[in-house]
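Please read the structure below before turning to the comments.
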Amino acid sequence: MDKLDIKLWTLEAKGHIVPDRSLLKTPEQIDAIKKSADLNTAVLDHVAAHIHAGMSTAEIDRLVYDYTVEHGGIPAPLHYQGFPKSVCTSINNVICHGIPDENEILVEGDIVNVDVSTILNGYFSDASRMFTIGNISPKAEKLVRVTRECVELGLKAAKPWGHLGDIAYAINTHARANGYSVVEEIGGHGIGLAFHEEPFVSYVTPKGSEMVLVPGMIFTIEPMINEGGPDFYIDEDNGWTVYTDDDGLSAQVEYMVLITETGVEVLTK
Ligand code: MF3
Ligand code: CO
């Protein structure tokens, strides 16, 4: 047992949830995961430079596939549990997992989440941004702004040896203060050596609850914020697309973060 094992074991004995040592990345793994995250960011920048009213979400999919492959990567969503495309594109009342389609055209007023995930040399990365198409309504503008603020507040609440619940509390409090709700059953995840690792990251749990944040952990902060209620349904035909139950707008921003000895580092900016 080394010092870290003893610290983790002591916390566990006091009733805290602690990560398995396998979830704590080595410096070599962190370097490789950062390279994957850098490519993931470049893909999102490429989308940002080309997204426009009148294009189809299938064109976004081609931008993501071509850029990723040209730079030596593999789009992680492609064929993941049967997902048919290289990226998730989720418009307006779609919460997440929208499937790019030739017949789905971006129009002025849309808010679109583009969720990009990349495999580079076997290492995984994942991040998403909100894009606004032309002039959008004040209520859509506010939802996108508050969702970005939620993620920033979640980041500020993330401290080594704190808890995942501290992040959730900061996010949920800000969302609710603005009259919004946070999706409960779909959340973030550990990432790096696989697409989805432990822990499941909820954004509705209490302060001080859930897993302890230990240096070397890498996971996503990706709350889905709804203007109406948190309930949703999944498209029966494709088995993927998640819609708000009440047809209200939904927004999401996803960062991939590393817990360090002194704080938190965003790997996907
Ligand atoms: N980026 C999504 C996530 O955060 C990926 C969903 S799986 C997919 O987990 F197949 F839809 F891409
Ligand atoms: Co994710």
Side-chain angles (χ1 to χ4, degrees), residues 23 25 33 36-37 39-44 47 57-58 60-65 67-69 73-91 94-101 104 112-120 123-131 147-148 150-151 154-155 158 164 167-168 171 182-204 211 217-225 232-243 250-259 264 266-269:
L23 294 180
K25 272 66 180 177
I33 294 166
S36 177
L39 177 54
N40 202 71
T41 299
V43 175
L44 274 166
V47 171
T57 48
I60 299 176
D61 183 66
R62 283 193 285 276
L63 287 172
V64 169
Y65 179 85
Y67 191 96
T68 304
V69 169
I74 302 166
L78 190 58
H79 309 313
Y80 174 78
Q81 296 185 356
F83 192 81
K85 297 283 180 180
S86 297
V87 61
C88 298
T89 49
S90 303
I91 304 178
V94 175
I95 296 177
C96 64
H97 301 168
I99 302 176
D101 194 292
E104 185 177 56
V112 193
N113 176 273
V114 178
D115 191 342
V116 174
S117 317
T118 302
I119 312 170
L120 184 66
Y123 294 89
F124 289 75
S125 52
D126 189 6
S128 81
R129 294 182 195 165
M130 290 303 295
F131 295 99
T147 300
R148 289 178 178 143
C150 280
V151 174
L155 263 184
L164 279 176
I167 302 171
I171 289 171
V182 180
V183 174
E184 298 190 9
E185 292 89 344
I186 315 170
H189 49 95
I191 183 167
L193 310 185
F195 197 172
H196 296 103
E197 301 175 0
E198 277 193 78
F200 171 73
V201 183
S202 165
Y203 305 104
V204 294
M211 194 176 276
M217 281 172 71
I218 296 182
F219 58 92
T220 65
I221 300 180
E222 52 171 321
M224 297 159 206
I225 312 291
F232 59 81
Y233 67 94
I234 299 172
D235 190 302
E236 276 182 25
D237 295 325
N238 68 32
W240 279 101
T241 313
V242 181
Y243 297 89
S250 184
Q252 180 185 26
V253 170
E254 174 176 20
Y255 287 171
M256 187 177 157
V257 302
L258 165 69
I259 301 297
V264 60
V266 179
L267 303 184
T268 50
K269 255 181 181 166

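Start at 1 and go down the list; that is how both ligands and their atoms are numbered.
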List, pair by pair, the atoms of ligand 1 and of the protein that are both N or O and lie under 3.5 Å apart, giving the separation rounded to 0.1 Å.
from, atom 1, to, atom 2, distance (Å)
ligand 1, 1 (N), Asp115, OD1, 2.9
ligand 1, 1 (N), Asp115, OD2, 2.9
ligand 1, 1 (N), Ser117, OG, 3.4
ligand 1, 1 (N), Asp126, OD1, 3.1
ligand 1, 1 (N), Asp126, OD2, 3.4
ligand 1, 4 (O), Asp126, OD2, 3.1
ligand 1, 4 (O), His189, NE2, 3.3
ligand 1, 4 (O), Glu222, OE1, 3.1
ligand 1, 4 (O), Glu222, OE2, 3.2
ligand 1, 9 (O), His189, NE2, 3.4
ligand 1, 9 (O), His196, NE2, 2.6

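- Using a 4.5 Å heavy-atom cutoff, the side chains of Asp235 and Tyr243 are in contact.
- Residues Thr268 and Asn40 have side chains that never bring a donor and an acceptor to within less than 3.5 angstrom of each other.
- Residues Val183 and Phe232 meet the side-chain proximity criterion, which asks for heavy atoms closer than 4.5 Å.
- A side-chain donor from one of Asp126 and Ser117 sits under 3.5 Å from a side-chain acceptor of the other.
- Gln252 contributes a side-chain N or O that, together with a main-chain N or O of Glu222, makes up a donor-acceptor pair within less than 3.5 Å.
- Side-chain contact between Pro223 and Val151 is present, with at least one heavy-atom pair separated by less than 4.5 Å.
- Using modelled atom types, one finds a donor on one side chain and an acceptor on the other under 3.5 Å when comparing His196 with Tyr80.
- Protein N/O/S atoms closer to the Co ion (ligand 2) than 2.8 Å number 4 in this structure.
- Side-chain contact, Glu198 with His189: no donor N or O sits under 3.5 Å from an acceptor N or O.
- The number of heavy atoms from other shown groups lying within 6.0 Å of OH (Tyr65) does not exceed 12.
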